[in-house]
Amino acid sequence: MDAFFASVEQRDNPELRGKPVAVGGSGGRGVVAAASYEARKFGVKSAMPSVTAKRLCPDLIFVRHRFDAYKEASRQIRRIFEHHTPLVEPLSLDEAYLDVTQDRLGIGSATRIAELIRQEIRAKTRLTASAGISYNKFLAKIASDQNKPDGIFVVRPGEGADFVAGLPIRRFHGVGPKAEEKMRRLGIETGADLATKDIAFLRSNFGSFADYLYRAARGVDLRPVSAHRVRKSVGGERTFSEDISSGAALRETLENTIEYVWESIERTKARGRTVTLKMKFNNFKNMTRSKSVTHWIETKEEWAKLARELLEEALPLPMPIRLMGLTLSNLDHGEEGQKEDSAQLSLL
């Protein structure tokens, strides 16, 4: 979806249309959760402190998030997806992978299916979506951003390696500002540059991230679209456009994550005993903190309380982070909940 949260706000409030809008708090401790395309022209980004966003765009209009409205729009969109294929792997409220080899309507063209889905989304939700069509998830993900907003892009079989070769390294999913800076120091600025590095070089410089980079530089991704599997945890994570370290920004991000993941917990009817906070530093090393209880966590209030305690215990951080994740694990789904959506909610 295109600027999903902000677009829902502009749809529901005509006075916001065509204006720079940020979803989030406007106070000194506020953080931008989402920005309209009008705001992005000024450099306003998600995870940016609100004071910075206001300085970049003095006319920026802040609105508080309305998760119920976003969830309802997401449910409408999910039904449209499932009208075309049962193989839907949601990544977040506004993004999903679809495997259309199981073409319920017998259309026979992935590109045509994508166009029809975009038309249905516009007609039923009054929102716009962009689509990437390709033969694996990595390429489809990049292609979906190629012609945003309200666009479509196709990478056909045999074109993946050439397509990736011409991309700036920053376009690779998971490569943030710090990683990009490190790669530039190593002479890596494009996919073509990355493809010249062997796996030993990449592992010595990027550790466990190396295998992903090696395959991605060649347009290779063998992961299937996983619509259903036994879920071991319910989680969400966010990769920031800029590394953050301030307690205010981290707390705001955690609150958003709590909201998103709890919606998935309720939908799957999952109960768990362990809450885990994950943070990835800008040197790609992870830190995790967990709390377990002897009873099932069944209320949002207890879930949120444990998550906040984990963050407070971790502060202050030794260095900025590029990703935060939150999961509920040690689950009991009950008899009817053993197979569920495998989405790891991504708050991008």
Side-chain angles (χ1 to χ4, degrees), residues 1-19 21-23 33-40 46 63-134 137 140-141 143-154 225-228 236 256 259-260 262-264 266-268 340-343 345-348:
M1 299 303 295
D2 298 324
F4 185 54
F5 291 2
S7 294
V8 171
E9 297 299 337
Q10 290 177 316
R11 179 196 67 180
D12 295 347
N13 184 352
E15 295 182 358
L16 298 177
R17 294 173 192 169
K19 297 179 180 178
V21 174
V23 177
S36 69
Y37 281 96
E38 295 87 352
R40 295 182 188 188
S46 61
V63 295
R64 298 298 300 177
H65 58 69
R66 296 183 302 132
F67 283 110
D68 288 344
Y70 313 146
K71 292 171 190 173
E72 177 54 34
S74 181
R75 282 190 285 267
Q76 288 180 276
I77 294 161
R78 178 70 178 270
R79 287 193 290 269
I80 293 169
F81 292 160
E82 292 176 343
H83 181 61
H84 289 273
T85 176
L87 300 178
V88 178
E89 180 182 341
L91 302 181
S92 62
L93 289 180
D94 66 334
E95 186 175 20
Y97 291 115
L98 280 67
D99 180 343
V100 295
T101 55
Q102 292 193 31
D103 177 5
R104 279 179 161 160
L105 303 185
I107 294 167
S109 164
T111 303
R112 180 59 180 156
I113 292 170
E115 288 285 19
L116 289 173
I117 286 173
R118 293 175 64 241
Q119 291 172 17
E120 290 178 56
I121 289 173
R122 183 190 291 273
K124 294 179 179 179
T125 70
R126 294 182 289 124
L127 300 168
T128 65
S130 296
I133 301 99
S134 197
K137 293 164 78 169
K141 168 70 175 174
S144 69
D145 289 328
Q146 192 74 3
N147 286 329
K148 270 186 170 289
D150 197 19
I152 193 167
F153 192 84
V154 183
V225 172
S226 302
H228 299 285
N256 289 338
E259 292 286 343
Y260 273 91
W262 185 255
E263 189 271 341
S264 186
E266 288 188 315
R267 177 169 53 79
T268 60
E340 279 294 345
D341 302 322
S342 62
L345 298 176
S346 177
L347 311 184
L348 297 177

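The basis for the numbers below is simple: all heavy atoms, side chains too, and nothing from hydrogens, waters or symmetry mates.
- Annotation for Ala73 and Phe4: closest pair CB-CZ, 3.8 Å, computed over non-hydrogen atoms.
- Checked by atom type and distance alone, the side chain of Arg11 pairs as donor or acceptor with a backbone atom of Thr125 at under 3.5 Å.
- Proximity of a side-chain donor or acceptor of Gln102 to a complementary backbone N or O of Thr85 within less than 3.5 Å is not detected.
- His84 places none of its side-chain heavy atoms less than 4.5 Å from the side chain of Val100.
- Separating the OH atom in Tyr70 from the CZ atom in Arg75 is a distance of 14.0 Å, to the nearest 0.5 Å.
- Taking every heavy atom of both residues into account, Phe81 and Ala96 meet most closely at CE1-CB, 3.8 Å.
- Side-chain contact between Leu98 and Ile113: absent, with no pair of heavy atoms (C-beta onward) separated by less than 4.5 Å.
- The CG atom of Leu93 sits 11.5 Å away from atom CD of Glu72, with the distance rounded to the nearest 0.5 Å.
- Residues passing the salt bridge (Lys or Arg N to Asp or Glu O under 4.0 Å) test with Arg118, sequence neighbours excluded: Glu115, Asp150.
- Remark: Arg40 qualifies as a cation-pi partner of Tyr37 under the 6.0 Å distance and 45° angle criteria applied to the six-membered ring.
- Considering every non-hydrogen atom in both Ser46 and Ala33, the closest pair reads CB-O, 3.6 Å.
- You'll find the side chain of Lys19 stays beyond 4.5 Å of the side chain of Ser36, heavy atoms only.
- For Glu38, the salt bridge (Lys or Arg N to Asp or Glu O under 4.0 Å) criterion is met by no residue, not counting sequence neighbours.
- Inspection of the Ser7 and Asp2 side chains reveals no N or O donor paired with an N or O acceptor under 3.5 Å.
- At least one donor-acceptor pair under 3.5 Å links the side chain of Arg17 to the backbone N or O of Gln10.
- When all heavy atoms of Asn147 and Ile152 are compared, the closest pair comes out as ND2-O, 2.8 Å.
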inquiry  = One pair to check against side chain to side chain contact (heavy atoms under 4.5 Å, CB included): Lys137 and Glu89. What are the steps and the verdict?
reply    = CA-CA 11 Å; Lys137 293 164 78 169; Glu89 180 182 341; 2.8 Å; yes

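- Rounding to the nearest 0.5 angstrom, the gap separating the CD1 atom in Ile121 from the CD1 atom in Ile80 is 5.0 Å.
- With Lys71 contributing its side chain and Arg66 its backbone, the two residues share no donor-acceptor pair below 3.5 Å.
- Here the straight-line distance linking atom OG of Ser92 with atom CE of Met1 works out to 10.5 Å at 0.5 Å rounding.
- Contact annotation: the side chain of Leu127 approaches that of Val8 to within less than 4.5 Å [non-hydrogen atoms, C-beta and beyond].
- Of the possible polar contacts, one joining the Ser130 side chain to the Gly151 backbone as a donor-acceptor pair under 3.5 Å is found.
- The closest side-chain heavy-atom distance from Ile117 to His83 is not below 4.5 Å.
- Here His65 pairs with Phe67 under the ring pair (Phe, Tyr, Trp, His ring centres under 6.0 Å) rule; sequence neighbours left out.
- In this structure, Ala6 and Ala35 approach most closely via the heavy-atom pair CB-C, 3.8 Å.
- Note that the CZ atom of Arg64 and the CD atom of Glu9 stand 11.0 Å from one another [nearest 0.5 Å].
- In this structure, OG1 in Thr101 is found 6.0 Å from CG in Leu87, a value given to the nearest 0.5 Å.
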